[in-house]
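Predicted model, so just to flag it, every value in this text is computed and none were measured.
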Amino acid sequence: QSIYRGGGEENKSEIFWYDIYQPEDAEIALEDGSDITTAINDLATKMHAQYNAPGNIILNLAEGSYTISAPIESIANVIINGTNATIDASGLNGPFIKLDGTKELAKKADGTDSDHKYVDSVYVSGVTIPGLKDAFIKDNQKTLLNVLFVENSIIEMPAAGKNFIDFNGKGYVGEVKVQKSTIWAKDKNTD
């Protein structure tokens, strides 16, 4: 984009500015034995170096075992497509997915912006996730997550006293869809 500054047509100078916030999808295909955190962080570093920021995070996981050591931090949709993949979350201190830094705002019924951030979907398919110690999805920015969709997956809930979806009383999920999946807990968990 550009604007013009200066006095009179003959003296005007053109000033350019760039919107450095241009989110792009971060799509990663990982092979057995990979650490999800390392792959996402490496890609995010490269994208930030090019004056961009990752938008949707899309993980394509082949059959096998993976690890995760830090939350998947996303400003937008998170899509995990697994093919009988197991993601060991026992080394993870924090939530599995953390919605953070979202720019888009949810709309009110009249079409005006609300004060809630907006993320359309978190989609998880074909994975087994054991060892969660904290929430599966956490948000502290007052977000409307339109839909959480879990299919063909087995996810272990965090320990008693922790919520599976934790929006800290600020945001909410519009719709939760669970198909051909199990969400379970070893210990009594009423959350």
Does the side chain of Ile68 come within less than 4.5 Å of Ile129's, by heavy atoms? no
Test side-chain contact (heavy atoms from CB on, under 4.5 Å), reference Leu148, set Val78, Val122, Ile97, output is Val122
Would a 4.5 Å heavy-atom cut-off, applied to side chains only, mark Asp100 and Ser74 as touching? no
Counting C-beta onward and ignoring hydrogens, is there a side-chain heavy-atom pair between Tyr118 and Leu144 closer than 4.5 Å? yes
Out of the candidates Ile165, Val147, Thr143, Asn146, only one should pair with Val173 under the side-chain contact (heavy atoms from CB on, under 4.5 Å) rule; please name it. Ile165
N/O donor-acceptor pair under 3.5 Å between Ser114 side chain and Ala106 backbone: yes
According to the side-chain hydrogen bond (donor to acceptor under 3.5 Å, both in side chains) rule, which pairs have a member within residues 121-134, sequence neighbours left out? Tyr123-Glu151
Before you tell me yes or no, could you show the steps for Asn152 and Gln179 under side-chain hydrogen bond (donor to acceptor under 3.5 Å, both in side chains), namely the whole-Å CA-CA distance, both residues' side-chain angles and the distance that decides it to 0.1 Å? CA-CA 7 Å; Asn152 300 320; Gln179 293 181 350; over 6 Å; no
Do the side chains of Ile155 and Phe96 get nearer than 4.5 Å, heavy atoms only? no
Considering residues at least two apart in sequence or located in another chain, which fulfil the salt bridge (Lys or Arg N to Asp or Glu O under 4.0 Å) criterion with Lys138? Asp166
Are the charged groups of Asp139 and Lys98 less than 4.0 angstrom apart, N to O? no
Check: Lys117 side chain, Thr102 main-chain N or O, donor-acceptor pair, under 3.5 Å: yes
Evaluate the criterion side-chain contact (heavy atoms from CB on, under 4.5 Å) for residue pair Glu156 and Leu132; output intermediate values, then yes/no. CA-CA 6 Å; Glu156 180 182 356; Leu132 280 178; 5.5 Å; no
If I take atom CG from residue Asn60 and atom CG from residue Asn81, how far apart are they, to the nearest 0.5 angstrom? 5.0 Å
Hey, are the side chains of Lys142 and Phe167 touching, using non-hydrogen atoms and a 4.5 Å cut-off? no
Heavy-atom side-chain contact between Leu145 and Ile137 under 4.5 Å: yes
Do Val127 and Thr86 make a side-chain contact, defined as non-hydrogen atoms from C-beta onward lying under 4.5 Å apart? no
Are the side chain of Ser90 and the backbone of Gly131 linked by a donor-acceptor contact shorter than 3.5 Å? no
Contact check, side chains of Val119 and Asn77, non-hydrogen atoms, under 4.5 Å: yes
Short question: side chain of His116, backbone of Tyr172 - any donor-acceptor pair under 3.5 Å? no
Residue pair Asn168 / Asn140, side-chain donor-acceptor N/O under 3.5 Å: yes
